[in-house]
Amino acid sequence: MSLNVLTANHRAFDTSELEVIAQRANDIAPTLANCEAIAGYVLLSTCNRVEFYLDCDTVPVHTVAADLSAPASHPIKVLSGSAAARHLYEVAAGLDSMVVGEREIVGQLRQALDTARSHGTTTKLLESLWRGALHMARRISTHTDISSTGRSIVDAALDMAMQPTTDGAPIITDWENTAVLLVGTGAYAGATVAALHSRGAANIAVYSASGRAQPFAQRHGILPAHTLDLTQIDIAILCRGTGSPILTEATLRGVTDSHHPLILIDLARSHDVDVHAHSIHGVRLINLDSIRFQVPPLATDTMTQVQAIVEESLAELDIERRERAMDPVIAGINSYLSQLLDAERNKFSENTSEDSADALRALEHFASVLTYRCARAARSAAVSECAEEFHQAAQLVFGIDLPAPISVPSTLDPLPTEQKLP
């Protein structure tokens, strides 16, 4: 088995296309769990990407890609082996995001892995790669300025709401005196409240058609709204993502006919606001499609630091992968040494003297040191591409047959480059 990634993201698809692909991904996911050719998978579905991370041979990837890409205007990109691992690490670093360096992606990766675990679809390979990617993300947060820049889709949208436009659309100049209505309590709701509070917004209410407004408001120190009333607010931020707009063009025309200008920020991939709302006089619409064309680039020095950590982490992943190839050999050596130690222990079983106990402890310590040094030497040999030489030498030294090293290419590298499938 090996790592393969099917990816559709903001670079090739608009949000409406991603929503269709996401629905298809949710539909086919249960069938993947029952496919013998696929050892496991993780589905990562966010506002700007839909990706399957598959632990499988390359053959099933063609079928899954075809199922996903049926409604799309572009082919689904397929990455395998090292290219797939690099993609995961760049996603975790925020380098492949709509807002480069965004902080939400790490939580989304954790949630995707937790979901896969709950469905029983993770594998040792996927767990190892995710562990490495998340560890790398922590290093980036600790050792670069990326976390202090506060980059996120939410912050990018709020920044846009403050920027004047050529057509004189409404803007926010004073968050403290701005009336904000948050619509929905989904994935971005908590991050939105935190971003608003950091800007000094004090008049925030939340509305939820599902009845979750009251507990959400209590948790976040804001007010619950019992109706979707747009006449008393300056800006509405929507993050429901339930599949259909809650604010239609007709509804908005009725509001703006008798109300001051209104800013709408739609953070839902499936559009909570009618996309034609931007044509209504007095309404300014900011959605994911407009955000991605307005995000400023990450500072060059910060980008360089992040990329360097990604490269270091991928190099560490390659070393770890080569080292793990010696696991069968190490296990065989450990088993043999354990048998020898047990035989020696038996000789001391009837001797309870203090000297005998000291000798046994010394023997056990010697066996422990020998086991550790053999393992370290085996992994060092693998990194130096001498795995088979070490295997043969160990068999000669110990006079036993040992399991062969795992073939490294079959673990991660069946294909050297990316492919695009129709």
Side-chain angles (χ1 to χ4, degrees), residues 10 15-16 18-20 22-23 26 45-50 98-99 102-105 107-108 111-112 115 152-161 172 175 178-199 201-252 255 262-278 283-292:
H10 62 96
T15 54
S16 60
L18 286 175
E19 177 63 16
V20 174
Q23 291 173 355
N26 289 332
S45 183
T46 74
C47 65
N48 55 60
R49 70 179 61 253
V50 181
M98 182 187 298
V99 177
E102 67 159 319
R103 55 177 179 253
E104 286 101 343
I105 187 61
Q108 292 164 341
Q111 181 59 50
T115 300
S152 70
I153 289 175
V154 173
D155 281 303
L158 297 181
D159 286 344
M160 288 179 65
I172 302 297
W175 284 105
T178 296
V180 182
L181 177 64
L182 179 63
V183 182
T185 57
Y188 277 119
T192 300
V193 174
L196 288 167
H197 280 156
S198 70
R199 293 165 186 257
N203 184 2
I204 308 171
V206 59
Y207 169 78
S208 173
S210 63
R212 298 190 181 96
Q214 183 73 39
F216 181 90
Q218 291 178 342
R219 288 196 306 271
H220 293 85
I222 59 177
L223 298 173
H226 302 292
T227 60
L228 184 57
D229 183 4
L230 303 179
T231 61
Q232 304 299 318
I233 65 167
D234 302 302
I235 180 170
I237 304 174
L238 301 96
C239 48
R240 294 164 63 252
T242 57
S244 60
I246 191 174
L247 296 182
T248 64
E249 184 179 2
T251 300
L252 291 168
V255 171
L262 182 65
I263 299 177
L264 302 173
I265 296 180
D266 185 358
L267 299 177
R269 182 176 57 197
S270 56
H271 296 307
D272 285 337
V273 181
D274 191 319
V275 293
H276 298 103
H278 65 84
V283 172
R284 180 181 181 186
L285 174 61
I286 299 171
N287 59 22
L288 294 175
D289 287 323
S290 58
I291 292 171
R292 65 174 172 171

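Each residue takes its place number in the sequence, starting with 1.
Side-chain atoms of Asp272 do not come within 3.5 Å of backbone N or O of Asp266 as any donor-acceptor pair. Counting only distance, with no hydrogens or angles, the side chain of Arg240 and the backbone of Thr185 share no donor-acceptor pair below 3.5 Å. Between the side chain of Ser290 and the main chain of Ile286, no donor-acceptor pair closer than 3.5 Å is present.
Between atom CG of residue Asp289 and atom NE2 of residue His271 there is a gap of 5.0 Å, rounded to the nearest 0.5 Å. The line from OG of Ser45 to CD of Gln111 is 11.5 Å long, rounded to the nearest 0.5 Å. To the nearest 0.5 Å, atom CD1 of residue Ile233 and atom CG of residue Leu181 are 4.5 Å apart. Taken from CZ in Arg284 to CD1 in Ile172, the straight-line distance is 9.0 Å, to the nearest 0.5 Å. Residue Ile105 holds its CD1 atom at 11.0 Å from CE of Met98, rounded to the nearest 0.5 Å.
Between Leu267 and Ala157, the shortest heavy-atom contact is CD2-CB, 4.2 Å. Pro224 approaches Gln214 most closely through the heavy-atom pair CG-OE1, 3.5 Å. Closest approach of Ala213 to Ala225, counting heavy atoms only: CB-O, 4.4 Å. Across every non-hydrogen atom of Ser210 and Arg212, the tightest pair is OG-NH1, 2.9 Å. Scanning both residues, Ala179 and Asn203, for their nearest heavy atoms gives CB-ND2, 3.5 Å. Shown here for Ala161 and Ile235, the closest heavy-atom pair between the two residues is CB-CD1, 4.3 Å.
No side-chain heavy atom of Ser152 sits under 4.5 Å from any side-chain heavy atom of Val99. Counting heavy atoms from C-beta outward, Ile265 and Leu238 have side chains that stay 4.5 Å or more apart. Between Val273 and Pro245, the closest side-chain pair of non-hydrogen atoms is not below 4.5 Å. No side-chain heavy atom of Asn48 sits less than 4.5 Å from a side-chain heavy atom of Arg269. Taking 4.5 Å as the limit, some side-chain heavy atom of His197 sits within range of a side-chain heavy atom of Ile222. No side-chain heavy atom of Leu223 sits less than 4.5 Å from a side-chain heavy atom of Ile204.
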Start with the C-alpha distance between Leu252 and Glu249, add both sets of side-chain angles, then the distance that settles side-chain contact (heavy atoms from CB on, under 4.5 Å), and finish with yes or no. CA-CA 5 Å; Leu252 291 168; Glu249 184 179 2; 5.9 Å; no
Output, in order, the C-alpha distance, side-chain angles, deciding distance and verdict of side-chain contact (heavy atoms from CB on, under 4.5 Å) for Asp234 and Ile263. CA-CA 6 Å; Asp234 302 302; Ile263 299 177; over 6 Å; no
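Using a 4.0 Å cut-off between a side-chain N of Lys or Arg and a carboxylate O of Asp or Glu, Arg199 and Asp159 qualify as a salt bridge.
Tested against Tyr207, the residues Leu228, Leu182, Leu230, Asp229 include a single side chain to side chain contact (heavy atoms under 4.5 Å, CB included) partner, Leu228. Of the residues Val193, Ile291, Thr192, the one that meets the side chain to side chain contact (heavy atoms under 4.5 Å, CB included) test with Val154 is Thr192. Applying the side chain to side chain contact (heavy atoms under 4.5 Å, CB included) test between Leu247 and each of Leu264, Leu285, Val283 identifies Leu264 as the sole match.
With 3.5 Å as the limit, one finds a donor-acceptor pair spanning the side chains of Gln23 and Glu19.
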